[in-house]
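Notes to accompany the following structure.
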Number of protein chains: 2
Amino acid sequence: MSYTIKDVAKKANVSVATVSRILNNLPGYSEKTKEKVLQVIAEMGYQPNAIARGLINKKTKTLGVLLPAVSDTFASVVLSGIEDMAHELDYSVMVCNTDKDGKRTMKYLQALREKQVDGIVFVSEFFKEEYYNAIIAMDLPVVLVSTKSQYDVPFIKVDDKKAVFDGVTYLLERGHRSIGMIAGTKGDPIATLPRIEGYKKALQDNGISVDKRKIAFGDFGFESGITAAKELLDHNEGLTAIFCSSDEMAAGALSYLYRISIRVPDQISIIGYDNTKVAEMAIPPLTTVGQPLYEMGKNAVKMLLDRETEESQSVFMPHHIVERETVKVIEKEEAE
Amino acid sequence: MSYTIKDVAKKANVSVATVSRILNNLPGYSEKTKEKVLQVIAEMGYQPNAIARGLINKKTKTLGVLLPAVSDTFASVVLSGIEDMAHELDYSVMVCNTDKDGKRTMKYLQALREKQVDGIVFVSEFFKEEYYNAIIAMDLPVVLVSTKSQYDVPFIKVDDKKAVFDGVTYLLERGHRSIGMIAGTKGDPIATLPRIEGYKKALQDNGISVDKRKIAFGDFGFESGITAAKELLDHNEGLTAIFCSSDEMAAGALSYLYRISIRVPDQISIIGYDNTKVAEMAIPPLTTVGQPLYEMGKNAVKMLLDRETEESQSVFMPHHIVERETVKVIEKEEAE
DNA sequence: ATGAAAGCGCTAACAC
DNA sequence: GTGTTAGCGCTTTCAT
């Protein structure tokens, strides 16, 4: 057993109230008693019990974060930003791996509530009505990262449509006319539909008609990138570039292309999405539409904690194209 | 404000004790009252306050995990195993990103203690005396993952020397004689020295003399793999294979080799370590010495929780070589 | 400047 | 089978 505030009080010949005041920097004691108490505390190695404290304050200084697969590159960078900012502000973070299917989410939500976390950040997963209701019932601040919802919940994300539009336009500007797309999960209203719109708009703005066969769907993972790339190449001729909705899928495409001996970017250009570590490590290094994942994590906790006072608004974070080596410029003659 | 057990008791016309009994599945009430109480609980949407509960039990059902860089592939897989097993056993996990330098570690340790976690899993970082003392003082169970210490703290890891020995032997068996090594951080007693020993032993057992110039050091990261590979190639001629002490460094080596147009595995074979996702995604897919990272995470929490009762022992987890496409067999004639 | 005491939401004796 | 009550370790009035 560790020492309690009582032990400290006794040993320092003061009341627990005084010790508490000193611990919390409240006024109401002489410099002398403060010194004495601090010394006793040091001697005993006393540490306050945050649980007891939390019972009174109704504040636990801990945040819950729900995300699919901590082990995926995308989520882990966001988590890292969350973690850093949280600890900077003296909060701890409880991670809940919702494991893609979202089955565990309700259970986690309940655990977080019972453990009285001060707020929740919800990453990337689709925000179901069920979750919304549960969180409203708990009366807890939430912020969504890289996802949004029909409900009035603040989010922080990139403008996907615009980001893809820019990525595809980048390809267009470099002379590409026959551009395929490896999109995310079919029907996903957050990370797939708006991106396809961005893709279409870029094409249309350049007078290029959209061809359904040039769009393949994956699940954002590596393997699905391989499959989708194969599908695209099997169903199209003369593709000069592929826009991929995640770096991992782009890596899958790269891998498939390598296997069938199609050189990147000489024969086909590839552009990814996210700018995670996999883009840096790819061979060749992957040109990609970068999201400020780490900053999004950081901002999420800032927003969350602000929200405890003033109402804060959703924010769109800037994206930017990170040029590496997977996009080739097609010369005019060549393009004709 | 949410409801408390008192509210439930009042509304159900019973005492708080009865409600508590029902909540905790203790004996002492009729089926009828149980039903009634449960119904009231459902109606009110009451959820017990784990903080209050923790104050009494001295159990918070939460674990702390300290690891360097949650965003690195290695740690995040371990974390994912920890997370899964913890939630399976109804524990929550607080992540603390020690951020490589270990500067924040003491601060985290203190926060975890104040928040009364039931145990700590310490991943991969070097376990300093300071940490040991702090943890002893907190009287908390700890388990080390992928690291160990001179103190009597249970760990769970792979036998590094043996693993590297096997990896290098694998190369030897395939005809390689001139094998370089990209080791980890110079002087690291956990993840570098034993691995170098394994490398040397494999060579010596095959009558090959060890050449210092064939060993370069990195920091387990991608960039350092590039640098180290360059160093190795600049200082050695006729190298036919490189053993890398992490998949990321292997990816770096692959990247460098690609840049200078040396074909893998035709001209040089590469073997990695860890078997993380980067090995799968590498081009070509990376042959590597795999560690059961996810299982190590899972077992760590099992051990940790067992330790609350019986003393549990350290364990070495099995490693195994994952054959992919970066190692070439050198024909006898060629080798002469 | 300092202390006594109430009470946060719960569990666990102990009584009936 | 059920209720009363004393804490768990702390903060916070309210006295003094």
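Chain naming here is simple, since letters A, B, ... match the order of the sequence lines and numbering starts at 1 in each.
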To the side chain of [X], which of [options] is closest?
X      : options                 : value
A17(A) : dC8(D), dG3(C), dT2(C)  : dG3(C)
S20(A) : dT11(D), dT2(C), dG3(D) : dT11(D)
R21(A) : dT2(D), dG9(D), dT13(D) : dT13(D)

Interatomic spacing from NZ in K11(B) to NZ in K36(B) - rounded to 0.5 Å: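 Here the interatomic distance stands at 10.0 Å.
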T18(B) side, atom OG1; L23(B) side, atom CG - distance, nearest 0.5 Å: 11.5 Å
Distance flag, aromatic centroids of F127(A) and F155(A), threshold under 6.0 Å: no
Reference residue Q116(B); test side chain to side chain contact (heavy atoms under 4.5 Å, CB included); the match among T60(B), L140(B), T62(B): T60(B)
Rounded interatomic separation in angstrom, taking [atom1] from [X] and [atom2] from [N]:
X       : N       : atom1 : atom2 : result
Y3(A)   : dG9(D)  : OH    : P     : 14 Å
K10(B)  : dT4(D)  : NZ    : P     : 13 Å
N24(B)  : dC10(C) : CG    : C1'   : 9 Å
K6(A)   : dA5(C)  : NZ    : P     : 12 Å
I5(A)   : dT2(C)  : CD1   : C1'   : 14 Å
I22(B)  : dC10(C) : CD1   : P     : 14 Å
K59(B)  : dT11(C) : NZ    : C1'   : 15 Å
Q116(A) : dG9(C)  : CD    : C1'   : 9 Å

P318(B) versus P292(B), closest heavy-atom pair with distance: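 Nearest heavy atoms, P318(B) then P292(B): O-CD, 3.1 Å.
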Where L63(A) and A86(A) come nearest, the two heavy atoms and their spacing: CD2-CB, 4.3 Å
Divergence of helical axes at both termini of the helix from dA1(C)-dT16(D) to dC16(C)-dG1(D) - five pairs an end, 10° steps: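 Roughly 40°, once rounded to the nearest ten degrees.
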Nucleic acid contacts of residues 40-57 of chain B, taken as heavy-atom distances under 4.0 Å to DNA chain D: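 Contacts with DNA chain D under 4.0 Å: L55(B), I56(B).
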Y3(A) side-chain N/O to V8(A) backbone N/O, donor-acceptor pair under 3.5 Å: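 Checking the backbone N and O of V8(A) against the side chain of Y3(A), no donor-acceptor pair under 3.5 Å is found.
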May I ask you to evaluate whether [X] reaches the phosphate of [N], defined as a side-chain N or O under 4.0 Å from OP1 or OP2?
X      : N       : result
T33(B) : dT2(D)  : yes
S15(B) : dT4(D)  : no
S30(B) : dT2(D)  : yes
K58(A) : dT11(D) : no

D84(A) and Y294(A) side chains, donor-acceptor separation under 3.5 Å: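 Yes, D84(A) and Y294(A) have a side-chain donor paired with an acceptor closer than 3.5 Å.
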Side-chain H-bond candidate by donor/acceptor type, S92(A) with K115(B), under 3.5 Å: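 Yes.
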Sugar-phosphate, base or nothing in reach of D7(B), heavy atoms under 4.0 Å: nothing
5' precedence on DNA chain C between Y29(A) and V16(A) (nearest-nucleotide basis): Y29(A)
Table please: side-chain donor-acceptor pairs of residues 37-49 of chain A below 3.5 Å, with sequence neighbours left out.
residue : atom : partner : partner atom : Å
Q39(A)  : NE2  : E43(A)  : OE2          : 3.1
N49(A)  : OD1  : I51(A)  : N            : 2.7
N49(A)  : OD1  : A52(A)  : N            : 3.1

